[in-house]
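Take a look at the structure below.
The basis for the numbers below is simple: all heavy atoms, side chains too, and nothing from hydrogens, waters or symmetry mates.
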Amino acid sequence: MGKEYLADNPRLLNPVDWGKVAALATIAGIVVTIILFIIGCVLIKSHGG
């Protein structure tokens, strides 16, 4: 019964592509990690480390 209802009402289907959301979150995490690594290296170098 549920599948027929969704077939008759296609706007009720989940519009979110969770694969793309996960990929974007992963890329954002990698970018933040790289930025923090660079900032850390600059701070260590500026303090004579």
- prompt: Taking only residues two or more places apart in sequence, or in another chain, which ones meet Asp8 in a side-chain contact (heavy atoms from CB on, under 4.5 Å)?
  reply: none

- request: Supply the members, apart from Val16, of the Ile/Leu/Val/Met/Phe/Trp/Tyr cluster built from side-chain contacts under 4.5 Å; use none for a lone residue.
  value: Trp18, Val21

- line: Applying side-chain contact (heavy atoms from CB on, under 4.5 Å) to Phe37 and not counting sequence neighbours gives Cys41

Throw together a table of side-chain donor-acceptor distances under 3.5 angstrom for residues 26-36, partners on residues two or more places apart or in other chains.
residue, atom, partner, partner atom, Å
Thr26, OG1, Ala22, O, 2.9
Thr33, OG1, Gly29, O, 2.8

